[in-house]
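Read the structure below first, then the notes.
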Amino acid sequence: GIFPETYIHLKEATVKDRGQHETVIPGELPLGQELTSTLREWAVIWHKLYVDNKTTQFRHVQQLTYSLIEWRSQILSGTLPKDELAELKKKVTAKIDYGNRILGLDLVVRDDNGNILDPDETSTISLFKAHETASKRIDERIQEEKVRQPIFNTTHTYSLYVNFKNFVCNIGEDAELLMSLYDPDLSKFISENYLVRWGSNGMPKEIEKLNNLQAVFTDLSSSDLIRPKISLVCQIVRVGHMELKDGKKHTCGLRRPFGVAVMDITDIIHGKLLPGDLAQVQKDFSHLVDRSTAVARKMGFPEIILPGDVRNDIYVTLIQGEFDKGKKKTPKNVEVTMSVHDEDGNLQEKAIHPGAGYEGVSEYKSVVYYQVKQPYWYETVKVSIAIEEVSRCHLRFTFRHRSSQESRDKSERAFGMAFVKLMNADGTTLQDGKHNLIIYKGDNKKMEDAKSYLTLPYTKVEMEEKETSSGKSLHHLANFTPNKDSTKDSFQIATLICSTKLTQNVDLLGLLNWRSNSQNIAHNLRKLMEVEGGEIVKFLQDTLDALFNIMMEMSENETYDFLVFDALVFIISLIGDIKFQHFNPVLETYIYKHFSATLAYVKLTKVLNCYVGNADDSSKTELLFAALKALKYLFRFIGIFVACMTAILRQMNDYHYNHYINTFKTRQDIIDFLMETFIMFKDLIGKNVYPSDWMVMNMMQSRVFLRAVNQFTSVLNRFFLDQTSFELQLWNNYFHLAVAFLTHESLQLETFSQAKRSKIIKKYGDMRKEIGFKIRDMWYNLGPHKIKFIPAMVGPILEVTLVPEPELRKATIPIFFDMMQCEYNFSGNRNFHMFENELITRLDQEVEGGRGDEQYKILLEKLLLEHCRKHKYLSASGEKFAWLVSSLLENLLDYRTIMHDESKENRMSCTVNVLNFYKEKKREDIYIRYLYKLRDLHTDCENFTEAAYTLLLHLNFLCDLSVVMNAFNCIFSLCSSSLTSLPSSYLEMWEKAIQLSKELADMYENKVFDYEGLSNVLKKRATFYENIMKAMRPQPEYFAVGYYGQGFPSFLRNKIFIYRGKEYERREDFNLKLLTQFPSAEKMTSTAPPGEEIKSSPKQYVQCFIVKPVMNLPPNYKDKPVPEQILNYYRANEVQQFTHSRPFRKGEKDPENEFATMWIERTTYTTAYSFPGILKWFEVRQISTISPLENAIETMELTNEKISNIVQQHVWDRSLPVHPLSMLLNGIVDPAVMGGYTNYEKAFFTEKYLQEHPEDQDKIELLKQLIALQMPLLAEGIRIHGEKLTEQLKPLHDRLTACFRELKKKVEKQYGVITLPPSLTERKPSRSGSVVLPYIMSSTLRRLSVTSVASSVVSTSSTSSDSTSSRPGSDG
């Protein structure tokens, strides 16, 4: 052999089903076999990841694969001890299961020892629980991985890093610097303070912080990024004497306002933030943010609240106060001292945090304002205490006058006290917002005794409420000395609570404590749906527990079942909100770990069925829609119910089914049972009760359902088929259930890997074929009832036939012919129009949705033709229909393929092909749908002109006047938008807008009588006329493009198209765009038509050249004084013919007259439609070529027109520059330019040419006439040139005059003298006073001119300006 024997190892194996389809089962351990098959399956995916350049996933799978290969070798070695093998087995199965999940493969279910469960040997409930356990285990593993990786795929949380460098300000005392983020538009601080204590020596108070003062402001969200402005505010508080000049005997340690600094950081916020929350920032930017960095949180929750983010911050802002001066002559210098105490009055140590960067303080002292009666502080601090202590704690504020004299200050005592409890009597936390507190005055000892004041009201609102209820004044109820002045003082604070554990919502609290408040359960359940989402997600598990406990413990009251169901739907919908999306794992974990209401599914299913059953009840519509959106999770709560039902059905045999049906007492009972069963099965199939990767469970359910459905078909045939007992709706439900089963994604084997496909076929077979053949048989069983299902069943049967399984297609496509035959025989119209229309409609939908292929088209055409040709009456119409459907499928498949093409041009072409098909078939509904697809493609490409023309086609199908007018206005706006309202690539179609405005005006005036609308339209129309005359409009170039070779798709192959370019688009740019679209195409350098060799080549060849549009003037413009501005539009619009001139040599080169053998071939291309239209290109339908003589005639005609019109412009407008006229005249009269007229003489005016082309005699005479006609035109031009003469132009003019004199002499001698009537050159002012420029056609010049007999006597008396006697129209 080719390998040495020592290198060969024979594996033990068992061979099953020997022969062509034998199966080799290795004799190694089952785990070894699983490893081998897993590695083979992963290898295919790994390769695809490499091809798709998904580097991260590729590396991940690589690591997993290498681990499995290593472990496989250890297992196969057989050298591992039993305990190590068992341990390795756990690692291997965990790794396989994890890898399968991240690669989107199926879940593998195992027993406790890690062996794969055999579904045939396992009960349904055990199988279900094994799936749940395996799925939960993998979810936990993935969650662990996520903890190690960034949580966000898209960043929703940001942080601002601040590095404090220095503080330079000559204060002379210590200072506190408080930095925070501020929204100037809302006049609101949005973050905590970052505190820096600065010494009087110009350095930080804590020397170790020198050069290490940094903070990070966290929890910023995308809503903060779009704030119009954000500032970083630094408040400077001086800590020292009352006045800077005070000396040693004066009070020190007072906090006094000093200054503020503000920096606009909007640009930084918009573009230079650190992405991620604090943990992510510490990980990603560890060089900036470490444990010593101060963290200032946002005052409020971030946009997304992360599960596990436990927070319990209470922000207190001292806002303002008003204090009576009492016996003092001047207002007091009030200092507020804030502290936190429990109900016994014990001080909570270090509970107050003035700013990030420092530990908390036990007492916080406010800034002191000197002799201010109404101080405004706006100082915010954070209170942090243990959650369990909140209910017992309150804030105490004491007020003291501070004297600047130290001796007096020591004797000052607190003159008042206020307090506020953190938790209300009903258990809710203190509400966010402002609170006006009562200031109590009296004995200082009593102020410090919590029991003396905690029974009193703490806000003025509370006092008023108590006074109202009791009818007595409460001002003297405190154990304080009564003081008539106490009510004059006021104090206001604001609070904001950011807590994931404390709720301010009494309704949510009432629900959580439902057992102690059972009479309000219904009220609290309804109120739950009004609670703010952030409150609910903080208590998600507690809320869900409460809901299910209510449902199970209050089972006697059905009202609660509906309310709990609605509340569940509300919570699930809430979790779908992006703000709370990261609570999905919390909900998942709850379902797997904490959900214990095992019988809840009965009640949930009951409520859901009730909502579905009452779907037509408008009061329940919204609830039903909300429930349908939440079905994914609702079914997770009722998933065990489906498993139980499947287990029961799995154990039933034929006898059980028959016996069960026989237990129904009436026929109606059987109908009701089958109806409900069919609807339930269809719902369960459609809703995907189990996750898609639960392959074994899904296949088990499908197999059991299939067997049940097949049992019920015999009941249908037995009881509900004959003429008297037929139940249309029951049969209809059966067919729809069967089709839903057959087309379910879990059975579409073609979408799976080869390994999975083989596994399913081996274990379960292709269940689609079994149900598909049953559908066929049931259809044919219907007999005369078939007509009742046409056209309704055309779509479902089409879905079946489109399943890419050859045997199934062959079995079911003939049903279409049966439907045609049935409608033909029973409809009374002797046709199958209902079937035809429905099939076309549904084919369009299905193919666009991704179904169908070339093989289907071929098979459908073949089978329809075979059956139709055998039929006596359907042979002709049926065959025609078969070809029609085949053609439609070809167009639709092309359209679908090209829709994924990057080339929008190709997509437009295919869309137009489909459009034309539906137009021909008069299928307005589908035609209009594709019209709007085409419109959208155009607007995406900024082809607004073409978009408007596309919409115009829709008008042909509109009948309703209001709809017509709306459509008109839409098109009108596209055609008439101002220069600034659309991108620069837009070509203004004012002429078309004028035409539309006339139709709109007629409707406004004569049909809807809307004179205001009419007025607006007429004003706009006036603007369009003005734009035409004054605004500059770029003219587009037109390009001819030929696609040659078999490499192009059929709609381009060997065809020529004319393309309308964008304004200012050069040929080079157009060529580049073309070749980018077809990178493998070869550009042709010649403009000559290609030979057969190129056309039949398998390659792609592109030919591109510029063509000139042939102006097609409206009849009413011809031979009339039409301004040039109006004509310009028609030079590039409303055109359908285009010319291209190509020089070529005929015969041998004549050294004396090169022109004699150099011929010009001019080709005219006629397109299928005129430009502009619904596309920027149209196929060329006709090509015609003219001879060199005809080309010479047209060239002379165009030249004469050009001279005539420029001469007239100069006659009527003396201010025009002379340079263009100089260039034109010089190019004609100078004999050195292209050989002058002698070239025509040598080429065409010879005996030899006449002998060879006797048919051209008239054309030669016409060319001579045109040459003669040019003389009076040139004479007028030279005369005007002389009148506008400048010193610099004199030499040129002299030369022009001399050359023209010789030329005129020769031409008039050989071809005669022609004169023009004066009417052609008369000056005619327009109504606006501007010059009207008539456009004179060459044919008109010839018709109006007078030819005299050719004479050898020619006047030679021309002056330098070719004197008056030689002017056209003179006697000369």
Side-chain angles (χ1 to χ4, degrees), residues 156-162 176-196 215-235 260 262 265-266 269 273-274 277-278 281 293-306 309-320 338 340 351-358 360-361 364 366 376-385 387 390 395 420 422 429-435 492-504 532-535 538 579:
H156 295 287
T157 306
Y158 302 86
S159 301
L160 173 68
Y161 173 75
V162 175
E176 291 178 359
L177 312 177
L178 295 127
M179 283 163 272
S180 52
L181 301 181
Y182 181 76
D183 185 329
D185 284 2
L186 299 177
S187 301
K188 177 183 173 185
F189 287 99
I190 61 174
S191 76
E192 298 175 0
N193 293 317
Y194 166 45
L195 174 61
V196 174
V216 62
F217 292 87
T218 62
D219 303 325
L220 300 175
S221 59
S222 53
S223 58
D224 296 311
L225 267 62
I226 59 172
R227 291 181 191 263
K229 280 190 175 181
I230 292 192
S231 303
L232 178 65
V233 174
C234 178
Q235 300 175 73
V260 65
V262 181
I265 58 167
T266 311
I269 293 290
L273 294 179
L274 306 181
D277 60 350
L278 180 62
V281 166
T293 307
V295 178
R297 299 198 73 168
K298 181 179 172 182
M299 288 198 293
F301 283 109
E303 190 170 65
I304 291 176
I305 305 167
L306 295 175
D309 185 359
V310 178
R311 187 175 178 186
N312 192 44
D313 297 330
I314 302 169
Y315 294 99
V316 182
T317 303
L318 309 181
I319 298 181
Q320 61 172 319
M338 174 183 162
V340 185
I352 302 172
H353 298 262
Y358 288 89
V361 295
Y364 175 76
S366 73
Y376 285 81
W377 293 283
Y378 286 100
E379 296 179 56
T380 302
V381 295
K382 180 170 71 177
V383 175
S384 291
I385 50 180
I387 291 166
V390 172
L395 306 178
V420 64
L422 294 178
T429 316
L430 180 67
Q431 291 294 320
D432 292 345
K434 294 180 179 177
H435 308 279
Q492 189 183 60
I493 65 167
T495 58
L496 173 67
I497 295 181
C498 295
S499 173
T500 54
K501 293 296 178 183
L502 301 174
T503 181
Q504 298 173 333
E532 197 275 323
E535 285 290 292
K538 296 178 210 169
K579 186 174 182 182

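Distance check, rounded to the nearest 0.5 Å: CG of Leu273 to CG of Leu225 gives 5.5 Å. Going from atom SG of Cys498 over to atom CG of Asp313 covers 6.5 Å, rounded to the nearest 0.5 Å. Distance check: Ser223 OG to Ile190 CD1 gives 9.0 Å after rounding to the nearest 0.5 Å. Remark: Leu395 CG to Thr495 OG1 distance equals 8.5 Å, nearest 0.5 Å. Annotation: the span from Met299 atom CE to Thr380 atom OG1 amounts to 5.0 Å, rounded to 0.5 Å. The structure places CG of Leu430 at 7.0 Å from CD1 of Ile493, a figure rounded to the nearest 0.5 Å.
The minimum heavy-atom distance between Val216 and Ser159, with the atom names listed, is CG2-CB, 3.6 Å. Listed here is the closest heavy atom pair of Ser221 and Tyr158: C-CD1, 4.3 Å. Closest approach of Ala494 to Ile319, counting heavy atoms only: CB-CD1, 3.6 Å. The shortest non-hydrogen separation linking Ile352 to Met338 is CD1-O, 3.3 Å. The two residues Ala356 and Val295 come nearest to each other via the heavy atoms CB-O, 3.2 Å. Considering every non-hydrogen atom in both Asn312 and Ile385, the closest pair reads ND2-O, 3.1 Å.
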* Start with the C-alpha gap between Ile265 and Leu160, add the side-chain angles, then the distance that decides, and say whether side chain to side chain contact (heavy atoms under 4.5 Å, CB included) holds. => CA-CA 10 Å; Ile265 58 167; Leu160 173 68; 3.8 Å; yes

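Although no hydrogens or angles enter the test, the distance criterion places no donor-acceptor pair under 3.5 Å between the side chain of Gln235 and the main chain of Leu178. In this structure, Asp432 contributes its side chain and Ile497 its backbone to a donor-acceptor pair below 3.5 Å.
Here the options are Ile269, Asp277, Ile230, Leu274, the test is side-chain contact (heavy atoms from CB on, under 4.5 Å), and the partner is Leu220; only Ile269 passes. Put simply, the residue from Lys188, Arg227, Lys229 that forms a side chain to side chain donor-acceptor pair (under 3.5 Å) with Asp183 is Arg227. Each of Asn193, Leu232, Leu195 was evaluated against Ser180; a single residue qualifies, Asn193, per the side-chain contact (heavy atoms from CB on, under 4.5 Å) test. Put simply, the residue from Lys382, His353, Arg297 that forms a side chain to side chain donor-acceptor pair (under 3.5 Å) with Glu192 is Lys382. The side chain to side chain donor-acceptor pair (under 3.5 Å) test with Gln320 is passed by exactly one of Tyr376, Tyr378, Trp377: Tyr376.
In this structure, the side chains of Ser187 and Tyr182 come closer than 4.5 Å at one or more pairs of heavy atoms. Side-chain contact check for Tyr364 versus Leu318: some heavy-atom pair is nearer than 4.5 Å.
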